[in-house]
Amino acid sequence: MIRKCLFPAAGYGTRFLPATKSMPKEVLPILNKPLIQYGVEEAVSADIHQIGIVTGRGKRAVEDHFDINYELEHQISGSAKESYLVDIRSLLDQCTFSYTRQIEMKGLGHAILTGETLIGPEPFAVVLADDLCVNSDGDSVLTQMKKVYEKYRCSVVAIEEVPKDETYKYGVIEASQLEDNVFVINDMVEKPAPEDAPSNLAIIGRYILTPDIFDIIRETPPGKGGELQITDALKIQAQRNMVLALKFEGQRFDCGSIDGFVEATNFFYNKLKASE
Ligand code: G1P
């Protein structure tokens with residue numbers, strides 16, 4: 001059973017400077033909701049309620065968001081504005097939030113390893129909050145991945161097809177089809193140039209990892225950019241055991257980029273207007 005979801009949230013968010021100079025990128029809002037709240041709601045939709053967040057310096061706003069602000073609540077108590085807090089209150093009721101700090105930014109693999117203290121020896125999900133995923137007509141992406149995990153009991157990554165000239169932004173896999181939308185990973189490369197990419201199947205920010213990944217990360221040498229890459233650790237896991245990739249149903253917005261952020265904003269704005 002997957003009970004825990006880890007959110008690596010220590011990064012500097014340099015692509016959103018100057019907004020992220022004093023504000024964590026995870027609390028940038030799409031409409032009126034911070035990015036990381038969408039991620040936590042997705043975890044809850046997959047029946048995962050223990051939230052672990054790997055933070056860093058300057059991330060206090062993330063912790064404050066998942067807490068009660070008594071002064072504010074007192075101020076708006078009894079007014080119509082209380083309705084704005086219903087969703088976040090419900091998350092606070094349903095989830096526990098634990099934090100640990102990544103002292104140095106040494107890559108996503110290192111961030112996940114830093115989260116080991118929050119996870120322990122059990123399988124867990126990882127959500128990169130700047131990849132915002134929606135599937136309005138069915139199961140959330142994490143729920144789809146959990147179903148694959150429950151059937152095969154191994155690590156699962158979410159993938160989507162990207163234009164060949166964008167492979168340099170992603171972990172890219174080489175894989176054989178196992179069943180509809182599920183692939184066995186044979187090889188994976190972190191951020192390859194288009195000419196070196198083994199396919200156009202890119203990993204997006206959703207993972208289910210078995211706990212042996214922690215020991216594997218410990219023995220993985222630094223990779224692309226001198227950082228400890230989760231892609232490299234997963235490649236070792238794929239060679240020793242099995243790692244699956246799920247071509248998920250739904251849509252993913254790269255909210256770590258201005259274009260994706262605006263697309264997500266428009267998507268949720270149109271959805272809101274259609275519901276009014
Ligand atoms: C990370 C991973 C990469 C993955 C991507 C998904 O990169 O290293 O393999 O494809 O997330 O968003 P980042 O975007 O943090 O540079």
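Counting starts at 1 for both ligands and their atoms, in listed order.
Shown here are the side-chain hydrogen bond (donor to acceptor under 3.5 Å, both in side chains) partners of Asp139, two or more places apart in sequence or in another chain: Lys147. Taking the side-chain hydrogen bond (donor to acceptor under 3.5 Å, both in side chains) definition, one finds that Thr143 meets it with Ser140, sequence neighbours left out.
A 6.0 Å sphere centred on CD of Glu219 holds more than 12 heavy atoms belonging to other residues, nucleotides or ligands.
Neither side chain, Ser257 nor Asp259, offers a donor N or O lying under 3.5 Å from an acceptor on the other. Using a 3.5 Å distance cut-off with no hydrogens or angles, the side chains of Gln102 and Thr114 do not pair a donor with an acceptor.
Counting Ile, Leu, Val, Met, Phe, Trp and Tyr side chains that sit under 4.5 Å apart, directly or through other members, Ile216 shares a hydrophobic cluster with Ile236.
Protein neighbours of ligand 1 below 4.0 Å, counting non-hydrogen atoms: Leu108, Leu128, Asp131, Tyr170, Gly171, Glu190, Lys191, Ile203, Ile204, Gly205, Tyr207, Gln229, Thr231.
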